[in-house]
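Read through the structure below, which is laid out as structure tokens, and then see the notes.
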Amino acid sequence: MDIAIVCAAVIVSALLLWYFFAPKRAAKASMEDGGQSARIVVKGGYTPAVIQLEAGTPTTLVFDRQEGGECSSHVVFSDLGIDQALPENSVTSLHLPALAPGDYPFACGMNMLHGSLHVTGDDAAGSGNVATRATTPAQATPAAAQTGATDQAEKEARDKEITSLKTRLIVGIVCTVPLLCVAMLPMVPGLHGWFHDVAPAWLTSPWLQLVLVIPVMFYCGWPVHRTGWLAIFHRNPEMNSLVTLGTVASFGYSLVVTVWPTLLPVDAREPYYEAVGTIITLMILGQLLEARARAGTGDAIRSLLDLRPSMARVVRGGTVEQVPTDAVAIGDILEIRPADKLPVDGVVVSGQSAIDESMVTGESIPVMKREGDTVIGATVNTTGTLRYRATRVGADTTLAQIVALVKKAQTSKAPIQRIADKVAAVFVPAVILIAIWTFVAWWFTGVQPHGVRGLIAAISVLVIACPCALGIATPLSITIATGKGAQLGVLFRTAQALETLHHVDTVVFDKTGTITRGKPAVTGMRTFQGDSWTDTVDDATLALVASAESVSEHPLAQAVVEAAKQRGLSIAKPSKFAAIPGQGVKATVTLEGHDPAQVTVGNATLISGQVPEHELHSATHEMQSLAAHGASPVIASVNGHVALALAIADEVKPTSRKAVEELRKRNIDVVMLTGDNEATARHIAAEVGIDHVVARVRPENKEQVIAQLQDQGRTVAMVGDGINDAPALVKADVGLAIGTGTDVAIESADVTLMNGELTAVVTAIDLSDATMRNIYENLGFALGYNGLGIPIAAGVLYPAFHVLLSPMIAGAAMAFSSLSVVLNASRLRTFHPAQIRHIHIRKGKRPLTLTSVSTETQEPISQPSQQKGTDMAEEKVLDPICGMTISPKDAVSTQEYEGKTYYFCSPHCASTFAEDPAKYAE
């Protein structure tokens with residue numbers, strides 16, 4: 001018998017390993033109408049679980065969900081950023097673009113059911129539209145549009161599941177309590193005699209226990225057994241599989257005791273019906289508590305969706321009428337009265353009022369809006385009345401984009417989650433193996449009855465293990481944290497960005513528009529006359545300079561133009577305009593009644609060689625004087641002579657210094673990166689408390705500074721405006737873009753800061769720290785329960801303390817392990833930037849060293865170490881809007897105009913060019 005037991009255990013273990021870990025056969029998608037499609041049945045798993053697709057061909061996945069419940073209500077493609085709702089007992093089609101070769105895993109919303117797309121072949125034919133792993137196909141992601149019916153259907157399904165759990169819990173309690181009394185009270189000292197001598201025989205009969213346990217086993221436990229066996233059938237066992245194996249073993253053994261007791265030794269004829277009833281009832285209780293807790297994890301998304309009003313006041317034909325918000329079209333004029341919520345995004349055309357934008361940006365102070373200002377849908381008007389023209393509606397509004405970004409972040413996986421997934425993938429088979437060999441070990445202990453004790457220990461091992469707690473430890477925290485971030489005006493594009501911020505030890509800030517407000521103004525002007533400078537400003541000279549700058553998008557140029565307008569000067573359109581990135585502009589300007597003039601505006605390098613040496617020396621000295629007071633100096637020459645010096649200052653944001661102080665408290669190094677001259681940069685840096693400054697940096701060279709820091713082993717976050725800073729934002733470990741309020745989907749950044757204040761950087765880092773701490777705690781709960789519970793259930797304490805864990809206690813531990821993870825993750829909903837209790841202090845670092853990358857040289861700059869081996873002679877082109885040099889293959893967009901192709905570094909530049917191509921093409 002001993003040999004038979006060991007041989008059986010070896011054979012079953014081998015079959016188990018083969019069954020669960022042998023490669024799954026892939027089902028090939030069918031080709032039709034220029035695309036490919038595959039049908040996936042969702043019923044306790046995915047059938048087929050592995051689908052083979054051809055690269056470069058659009059795909060349609062048809063999910064036929066033949067069940068209800070929370071687990072399979074969503075299918076998530078983390079690599080593609082897709083979270084598709086699957087209504088119960090219905091068919092849902094998911095349309096994907098052409099995919100590049102590789103594996104694309106997908107899973108259910110609770111990360112318990114798993115499948116994969118295996119894409120093979122050559123994608124060269126379809127390389128123009130092949131989706132990368134960071135791409136979210138618009139037609140496959142209902143995040144922005146999923147605001148009404150889908151969310152309502154999900155809520156109804158969730159409520160239905162909770163109602164079902166309540167009903168089954170009541171039945172379980174009604175049957176299990178008397179079952180426990182009948183089974184356990186005879187063991188209580190003082191009652192044993194009464195049950196043995198006085199009580200009727202039927203009261204202690206195992207047949208009564210069988211009658212009481214049948215409703216629990218086959219009604220209350222039916223969803224558990226169904227899901228558990230289906231998961232085993234799909235070779236993807238999970239928590240329900242372990243519970244059903246344990247309870248079926250307990251029930252089967254007890255049934256033998258009841259019906260054929262003579263088959264067992266006298267000392268092994270004790271039924272365990274009470275363990276079956278208790279385990280299933282406790283599991284249902286845990287599922288009910290978990291379902292209620294999980295229902296709150298989507299509160300952030302639902303609260304955002306609830307911000308949008310259902311009706312809007314539209315001005316049509318001179319009258320104001322109320323229409324559904326969904327009926328508002330671009331160009332409609334909307335009227336907003338005090339306390340109204342704005343239905344859509346737009347531009348104010350009349351009136352003024354303070355708008356409370358806190359629900360979108362996280363900024364609590366209302367912002368005054370006047371004619372020409374942009375307003376954001378879902379924000380709240382305070383006291384005034386205004387009218388505005390709708391510019392973005394439906395899925396294009398800021399609110400819809402925020403919801404889309406948050407949902408995309410919630411579907412992505414943090415690196416730490418991928419590690420947990422690998423553990424969870426082998427967890428259940430490992431637990432079953434432990435249970436098998438636990439039985440074998442007890443068989444050879446000699447403790448009688450060894451078979452019964454081995455069976456009890458094996459069942460306890462199966463029941464106490466909880467892969468669910470391990471599976472949801474990370475995604476629950478990510479879901480809650482990204483939603484909370486959205487409420488605070490911090491939008492994470494991916495879970496990886498949320499995790500990486502926890503490790504950031506260096507933050508690099510752009511200056512203009514980041515540390516400063518980004519709205520520079522001319523604070524002083526001096527005219528060069530003869531050989532000296534005078535405070536008298538010649539209007540004709542200023543008009544020439546402003547005209548030369550009038551077609552430039554640079555903030556300094558716009559400040560010069562605004563100064564001329566304030567003096568009432570006429571501005572002419574320049575000809576032969578040329579923008580030199582990082583240096584300035586050159587143009588020919590013809591004012592009315594004057595001869596054409598050659599105007600150069602920029603830094604000293606740009607005008608050198610065009611003006612006499614003594615004038616250049618005087619201009620350089622004057623610029624140094626202006627820069628020493630924190631202004632950005634601009635020098636202008638007209639017809640080969642120095643003519644005008646302007647001091648242009650940009651006000652530092654009030655919160656910039658506080659943000660830098662908070663970062664330094666966390667032992668994070670702060671660097672300022674700017675194309676401005678060094679004297680101005682250091683003045684601004686000193687004002688906000690930054691020690692490390694890199695000045696005179698061209699936009700296209702900023703990423704090299706990031707690379708220098710990374711080469712020193714640092715984890716770098718770059719904070720900029722997302723346009724000229726795009727290469728640096730991409731190069732950094734985490735890119736944080738300052739949001740404008742309406743352009744929230746900045747493609748180059750991992751995080752968007754809606755309110756534009758640098759304190760939001762601290763909020764993002766603190767939220768990341770709190771989230772990672774929460775994830776570590778969740779993993780500690782999950783691994784702690786299993787790491788301690790499984791050995792105790794197997795009986796390691798029995799030799800020393802004669803303690804053998806009851807399956808009922810194991811069931812209780814299993815039920816509350818996942819619940820503890822859910823409740824702990826829910827604590828993130830209480831996160832508030834002003835109430836940080838635990839500041840994560842980064843460990844000590846080596847001294848920071850940087851090599852200045854100057855705009856003063858035209859010499860080729862060496863590439864970062866990560867780019868060695870690339871073609872140094874690669875063709876470069878100029879973005880006509882921002883003046884940034886980019887590679888044609890890296891351009892976000894291209895446009896044809898009069899037979900020439902123009903390349904753009906960002907959607908913003910492309911849209912600006914499209915508005916008036918003739919203005920910029922010249």
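Note that these values count all heavy atoms, side chains included, but never hydrogens, waters or copies made by symmetry. Count residues from 1 along the sequence.
- Partners of Ser656 by side-chain contact (heavy atoms from CB on, under 4.5 Å), not counting sequence neighbours, listed by chain and number: Ile515, Val652, Lys653, Val688, Leu758.
- Between Ser73 atom OG and Glu88 atom CD the span is 9.5 Å, to the nearest 0.5 Å.
- Residues Ile82 and Leu96 are in side-chain contact: their nearest non-hydrogen atoms beyond the backbone lie under 4.5 Å apart.
- In terms of the salt bridge (charged side-chain N to carboxylate O under 4.0 Å, His left out) criterion, Lys565 has no residue partners (sequence neighbours excluded).
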Take Val761 and Phe509, measure what side chain to side chain contact (heavy atoms under 4.5 Å, CB included) needs, and give me the verdict at the end. CA-CA 10 Å; Val761 177; Phe509 288 115; 4.1 Å; yes
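- Residue pairs satisfying the salt bridge (charged side-chain N to carboxylate O under 4.0 Å, His left out) criterion with at least one member in residues 760-771, sequence neighbours excluded, are listed as follows: Arg666-Asp766, Asp769-Arg842.
- Atom OG of Ser37 and atom NE2 of His95 lie 10.5 Å apart (nearest 0.5 Å).
- The heavy-atom pair separating Thr374 from Val347 by the smallest distance is CG2-CG2, 4.2 Å.
- Not a single side chain to side chain donor-acceptor pair (under 3.5 Å) links Thr763 to another residue, sequence neighbours left out.
- Under the 30°/60° scheme for interplanar angles, the aromatic rings of Tyr902 and Tyr897 are found to be tilted.
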For Arg827 and Ile480, run side chain to side chain contact (heavy atoms under 4.5 Å, CB included): C-alpha distance rounded to whole Å, both residues' side-chain angles, the deciding distance at 0.1 Å, then the answer. CA-CA 9 Å; Arg827 292 192 305 112; Ile480 296 173; over 6 Å; no
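- The line from OG1 of Thr830 to CG of Leu828 is 7.5 Å long, rounded to the nearest 0.5 Å.
- For the pair Leu491 and Met754, the minimum side-chain heavy-atom distance is below 4.5 Å.
- Under the ring-ring contact (aromatic ring centres under 6.0 Å, His included) criterion, Tyr388 pairs with no residue, sequence neighbours left out.
- With hydrogens and angles ignored, the 3.5 Å screen pairs no side-chain donor or acceptor of Thr397 with any backbone N or O of Arg392.
- You'll find the side chain of Thr771 stays beyond 4.5 Å of the side chain of Glu499, heavy atoms only.
- Inter-residue side-chain proximity for Pro654 and Arg517 is flagged as met; some heavy-atom pair is nearer than 4.5 Å.
- When all heavy atoms are compared, the tightest approach of Val393 to Val328 is CG1-O, 3.7 Å.
- Of all heavy-atom pairs spanning Ala546 and Val561, the tightest one is O-CG2, 3.6 Å.
- Distance CZ/Arg387 to CG/Asp332: 12.5 Å, rounded to 0.5 Å.
- Remark: side-chain polar atoms of Asp340 are not paired, donor with acceptor, to backbone N or O of Asn381 under 3.5 angstrom.
- Looking at Thr482, its side chain does come within 3.5 Å of a backbone N or O of Thr479 through a donor-acceptor pair.
- The CD atom of Glu161 sits 9.5 Å away from the CG atom of Leu288 when rounded to the nearest 0.5 Å.
- Put simply, the side chain of Leu334 reaches to within 4.5 Å of the side chain of Pro343, judged on heavy atoms.
- A donor-acceptor contact shorter than 3.5 Å links the side chain of Asn89 to the backbone of Glu67.
- Every residue two or more places apart in sequence or in another chain was checked for a salt bridge (charged side-chain N to carboxylate O under 4.0 Å, His left out) with Arg370, and none qualifies.
- You'll find the side chain of Phe77 reaches within 4.5 Å of the side chain of Leu61, heavy atoms only.
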Might you work through the side chain to side chain contact (heavy atoms under 4.5 Å, CB included) test for Val344 and Thr325, ending with a clear yes or no? CA-CA 8 Å; Val344 297; Thr325 298; 4.3 Å; yes
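- By the side-chain contact (heavy atoms from CB on, under 4.5 Å) test, Ala557 is found to be paired with Glu549, Ser552, His554, residues two or more places apart in sequence or in another chain being considered.
- Listed by chain and residue number, Asp650 satisfy the side chain to side chain donor-acceptor pair (under 3.5 Å) test with Thr516 (two or more places apart in sequence, or in another chain).
- Annotation for Leu386 and Gly351: closest pair CB-C, 4.0 Å, computed over non-hydrogen atoms.
- Applying the side chain to side chain donor-acceptor pair (under 3.5 Å) test to Thr655 and every residue at least two apart in sequence or in another chain returns Glu757.
- Residues Val751 and Ala497 approach most closely at CG2-CB, 4.2 Å, considering heavy atoms.
- Contact annotation: the side chain of Ser353 never approaches that of Thr385 to less than 4.5 Å [non-hydrogen atoms, C-beta and beyond].
- Every residue meeting the side-chain contact (heavy atoms from CB on, under 4.5 Å) condition with Val62, not counting sequence neighbours, appears here in chain and number order: Arg39, Thr60, Val91, Ser93.
- For the residue pair Thr92/Arg65, the side-chain donor-acceptor check at 3.5 Å is not satisfied.
- Val76 and Cys108 make their closest contact through CG2-O, 4.5 Å (heavy atoms, listed as atom of the first residue, atom of the second, distance).
- Within the 4.5 Å cutoff, the side chain of Val507 has heavy atoms near those of the Ile765 side chain.
- In this structure Ala764 satisfies the side-chain contact (heavy atoms from CB on, under 4.5 Å) test together with Val490, Phe492, Leu501, Leu736, sequence neighbours excluded.
- In this structure, OG in Ser477 is found 14.5 Å from NZ in Lys484, a value given to the nearest 0.5 Å.
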Show your reasoning for whether side chain to side chain contact (heavy atoms under 4.5 Å, CB included) applies to Thr514 and Met718. CA-CA 11 Å; Thr514 304; Met718 170 69 192; over 6 Å; no
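- Partners of Gln558 by side chain to side chain donor-acceptor pair (under 3.5 Å), not counting sequence neighbours: none found.
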